[in-house]
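All of these numbers come straight from a predicted model, not from anything done at the bench.
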Amino acid sequence: MRDDPSVLHVDLDAFFAAVEQRDKPSLRGKPVVVGGVGVRGVVSTASYEARKYGVRSAMSTAEARSRCPHAAYLSPRFEVYRKSSQAVMAEMRALSPLVEPLSLDEAFIDLAASGLTGLTVEDVQAIADDLKAAIYKVSGGLTASVGAGTSKLIAKIASDLDKPDGVVVVPAGTEAEFLAPMQVTVIPGVGPATAQRLSMAGVRTVADLQQLDEDELIRQVGSAHGTSLHRLAVAADDRPVVSDRETKSVSVEDTFETDIIDRALLTAISDRMAHRVAERLQKAQLSGRTVTVKTRMHDFTTHTRSSTLAGPTDDARVVARVARRLLEESDIGGGIRLLGVGVSSLADWIQDDLFTEGEHAENPVEVVELPARPRDQLGFHPGQDVEHPDYGRGWVWGSGRGRVTVRFETADTPPGPVRTFSVDDPALTKVQHIGADADDEPRTDQNVPGE
């Protein structure tokens, strides 16, 4: 364990929603929900104004709309979020060479890697305040919450205690006392099932957990889990901050507007997903041995089937062929609401002779072109950036019935006017952000990952 609180956890506050409020002046101070906007959509991020109405990440968009019907519901703009994230991460790396990103909006920082030792609580508070000010400046006004402690566990928990825009520093030597009054679910690995088993043993807080000896805890939750919980309950966490997080898998998945029972259509979608996965592997100079097909049924049950190859590949034809076979083995009775294709067991080299060229030529995988969506569905999503020669830049307020409504404003203007156009108006064009990945363009019915 460290002698000073030199591990920081930085978490950008309501990141996706905050970026939208930054770039859309008319939404500042108002409820904003980012995620899938279709009937099968899931909330990714809710602004703090929306959270007052009970809207939370991973909630269905339908439930969010019932709780907060007056919120702005926007599709995510991943390319914009990525650009803001890169600017923020650069500030963190200027503070320390050892930064471990967990996602676009959070990361651990090891201050000791900068040669800083003997840090007091006041020292760390000042460092955190300076970092937050730098983040605010380079991001155009985004705020972050910072937790600091002697371990990743303590720093992560601390960053949640004074959100938004807060700093919590836990002094060295007070970790067990800090954790004691908290619910046991604050400990990583204590989900609903484990919490229920612990509750039956009278354990509801971390203080209760600290009173159990390791043998008793192992009897309650099993050997590996019990040993880990016994250590974490007293903040015995010596995990290092690791700068490079290895990519474990590459995958593509989509949730459909209606359940699909047409196997030919599902095969066509699977082929397209396999090609997108292969393109991402090639772009990252990776290959993989295990192909997985994920299906979520009409009743929300989820199944996965995997097949491991003799060696790693990034060949779209190989991935598509294996995915097809796995899909053929899957039961689609009643319809599929979600389909995904992924590749794992990654490597940075390729087994070229998995299939001979003759096999490829003999059994080519044909990528079927799916029916194009109408432009008002395919081209315009709520929140999307657009441009008009007469009105300048703006964002899509809504679309449908052959029309698209746009509010013309940017981060640098006051709230702007609203105008409605025909969906076929050639003067209204989408703004292409530099460095955007076409695969990140959201569908209006997609499931969006959580915050």
Between [X] and [Y], is there a side-chain N and carboxylate O pair less than 4.0 Å apart?
X: E91; Y: K137; value: no
X: E387; Y: K430; value: no
X: D315; Y: R317; value: yes
X: R2; Y: D238; value: no
X: K132; Y: D165; value: yes
X: K156; Y: D237; value: no
X: R325; Y: E328; value: no

In terms of side-chain heavy atoms, does [X] have a donor or acceptor partner in [Y] at a distance below 3.5 Å?
X: S249; Y: S344; result: no
X: S96; Y: D110; result: no
X: Y48; Y: Q21; result: no
X: T150; Y: E175; result: yes
X: T227; Y: E214; result: yes

What distance separates [X] [atom1] from [Y] [atom2], expressed to the nearest 0.5 Å?
X: S139; Y: R22; atom1: OG; atom2: CZ; result: 6.5 Å
X: L131; Y: L8; atom1: CG; atom2: CG; result: 7.0 Å
X: E253; Y: R296; atom1: CD; atom2: CZ; result: 7.0 Å

Review point. Ignoring hydrogens and geometry, is there a side-chain-to-backbone donor-acceptor pair from D4 to L119 under 3.5 Å?
Key: yes

**Study point:** Backbone N/O of L266 and side chain of S270: donor-acceptor pair under 3.5 Å
**Key:**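 Checked: no pair found.
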
Check your understanding: Is there a side-chain contact between F15 and T45, using heavy atoms and a 4.5 Å cut-off?
Key -> no

Point to revise | Sole candidate of V234, I187, L229, T185 that passes side chain to side chain contact (heavy atoms under 4.5 Å, CB included) when paired with V206 | key: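 Between V206 and the candidates, side chain to side chain contact (heavy atoms under 4.5 Å, CB included) is satisfied uniquely by I187.
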
**Study point:** Among V88, V146, T143, side chain to side chain contact (heavy atoms under 4.5 Å, CB included) partner for I135
**Key:** V88

**Study point:** Geometric class of the F78/F16 ring pair [parallel <30°, tilted 30-60°, perpendicular >60°]
**Key:**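 Geometry flag for F78 against F16: perpendicular rings.
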
Revision key, fill the gap. With sequence neighbours left out, the residues meeting salt bridge (charged side-chain N to carboxylate O under 4.0 Å, His left out) with E63 are R67

